[in-house]
Protein chains: 2
Amino acid sequence: MSERRSRRGRRPGVSGTRDAILAAARTCFTERGYDRASMRQIAAFAGVDPALIHHYFGRKERLFLATMRMPDLDTALGQVLAPPEGLDPGQIGEGLVRAVARLWADPELPRTLAGLVRTAATNEQGAAMLREFLGHAVLGRLATAVPSEDADLRAALVGSQIFGLLVARVVLKLEPLASMPGEDLARSVGPTLQRYLTGDIGTGTGG
Amino acid sequence: MSERRSRRGRRPGVSGTRDAILAAARTCFTERGYDRASMRQIAAFAGVDPALIHHYFGRKERLFLATMRMPDLDTALGQVLAPPEGLDPGQIGEGLVRAVARLWADPELPRTLAGLVRTAATNEQGAAMLREFLGHAVLGRLATAVPSEDADLRAALVGSQIFGLLVARVVLKLEPLASMPGEDLARSVGPTLQRYLTGDIGTGTGG
DNA sequence: CATACAATTCATCTAACGATGAATTGCCTC
DNA sequence: GAGGCAATTCATCGTTAGATGAATTGTATG
């Protein structure tokens, strides 16, 4: 019986530790937000010593950045939002509706975004990240797709409506929104988005 | 020179401590959310010993409840939303627009609500509170004001739009929404609310 | 084989948090 | 003025967090 008292030191074979940490961190950050997700918890979730996280990523903030920089979110939203460029502006609203429906269809993305919301709500840096993310990855595409003088405002209005639905559904679980099929929801909200994009929003443009 | 080494014991005069704690707690909870607002910080803010909070309110959770039960929020929103009963349904949208404009005009209310949002995002109990608050105090009034088969859904849609704007403006500070005058915003959003309340939202009712 | 480096664990530090109980002081009533 | 209660502070407990440095073990390189 070889007593293996001290299991210290490097393990044989390849070490997927880094990726395990990233995966665990994304799960924890997503589910609990930046503050409530602890390094120790993440380490436990990854089956790893807490010190290893510092070894790989340094401070918690760096881990968070590394986690959220993972391309998944951007590419996922990129697919969902499709390439709006070159589309007939009059049909973008409908395209957005379908995009939103797809957004709700995938249970993973809303949870990830909800985690971002949780983080953004408490963490100023998280708020900055979400702001930048929405600004560039989402609203920027819309603004260029529907060029106008107040494109920024239009995109922001669209974002606020989708965002409000997201929070109401995923974070607050406010009925009847929470358990409503995505397509129905998209049908209700579609005209709103279309108007925000190409309609009269009281600024003298559009209509 | 009487050395007053020990400043222990009751202070002379009346003690506005309880109210001071409540005020400080509201500020802290509002600005930082339930988790990040610490008892010690609240006590320091109120110029008071941390143990006094426990003396008056017990656990942190009780303090939070006491803070958020303060009637300000309910009455403020009651005034803002005016009594929608007896109004011509066709004009409720406009009334809501004005209400929303007033909502943004007062800098206090959005900050309070933002605090609730911060709490609701991380704290399950906070989410429940906000859910209930929105459900009863806000959406309930709307639903009864515009009776229809899908009144709940209509009210929830209205809520999601206003809510999205609130978060975008106050929490995320997303431009150009954040620095937009309330009236302009209300003008942009008014038709959306009107349609949600009395228009065709794809459920077979309204139009 | 020796050396360097990466991976891993252990033990520990410091700071902050919520909470509690005892001690002290003022106010009010009898 | 004696008791009782409310208000206040102090000291402290137990927990948890993030962070660090040393020690140990594997892998690669010369």
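Residue numbers start from 1 in every chain, and the chains themselves are labelled A, B, ... in the order their sequence lines are given, proteins ahead of strands.
Every residue two or more places apart in sequence or in another chain was checked for a side chain to side chain donor-acceptor pair (under 3.5 Å) with Arg59(A), and none qualifies. For Phe29(B), the ring pair (Phe, Tyr, Trp, His ring centres under 6.0 Å) partners at least two apart in sequence or on another chain are Tyr34(B), Phe64(B). Remark: Ser160(B) pairs with Gln161(A) by the side chain to side chain donor-acceptor pair (under 3.5 Å) rule, at least two apart or across chains. Partners of Ala20(A) under the side chain to side chain contact (heavy atoms under 4.5 Å, CB included) rule, at least two apart in sequence or in another chain, are Ala46(A). Looking at residues two or more places apart in sequence or on another chain, you find no side chain to side chain donor-acceptor pair (under 3.5 Å) involving Glu61(B). Considering only residues two or more places apart in sequence or on other chains, Arg11(A) meets the side chain to side chain donor-acceptor pair (under 3.5 Å) condition with none of them. For Thr17(B), the side chain to side chain contact (heavy atoms under 4.5 Å, CB included) partners are Ser15(B), Ile21(B), Val48(B), Leu52(B), Tyr56(B), not counting sequence neighbours. Residues meeting the side chain to side chain contact (heavy atoms under 4.5 Å, CB included) test with Asp49(A), sequence neighbours left out: Ala51(A).
Of the residues in residues 32-44 of chain B, those lying under 4.0 Å from DNA chain C by heavy-atom distance are Ala37(B), Ser38(B), Met39(B), Arg40(B). A heavy-atom distance below 4.0 Å to DNA chain C is reached by these residues of residues 48-56 of chain A, ordered by number: Asp49(A), Ala51(A), Leu52(A), His55(A), Tyr56(A). Taken residue by residue, residues 10-20 of chain B places heavy atoms nearer than 4.0 Å to DNA chain C at Arg10(B), Arg11(B), Pro12(B), Gly13(B).
Put simply, CD on Glu61(B) is 13 Å from P on dG18(C), counting in whole angstrom units. Whole-Å rounding puts the Leu63(B) CG to dC17(C) C1' distance at 15 Å.
Residue pairs satisfying the side-chain hydrogen bond (donor to acceptor under 3.5 Å, both in side chains) criterion with at least one member in residues 167-179 of chain B, sequence neighbours excluded, are listed as follows: Glu175(B)-Ser179(B).
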For the pair Leu185(A) and Leu157(B), evaluate side-chain contact (heavy atoms from CB on, under 4.5 Å) and give the outcome as yes or no after the intermediate values. CA-CA 9 Å; Leu185(A) 194 57; Leu157(B) 286 172; 4.3 Å; yes
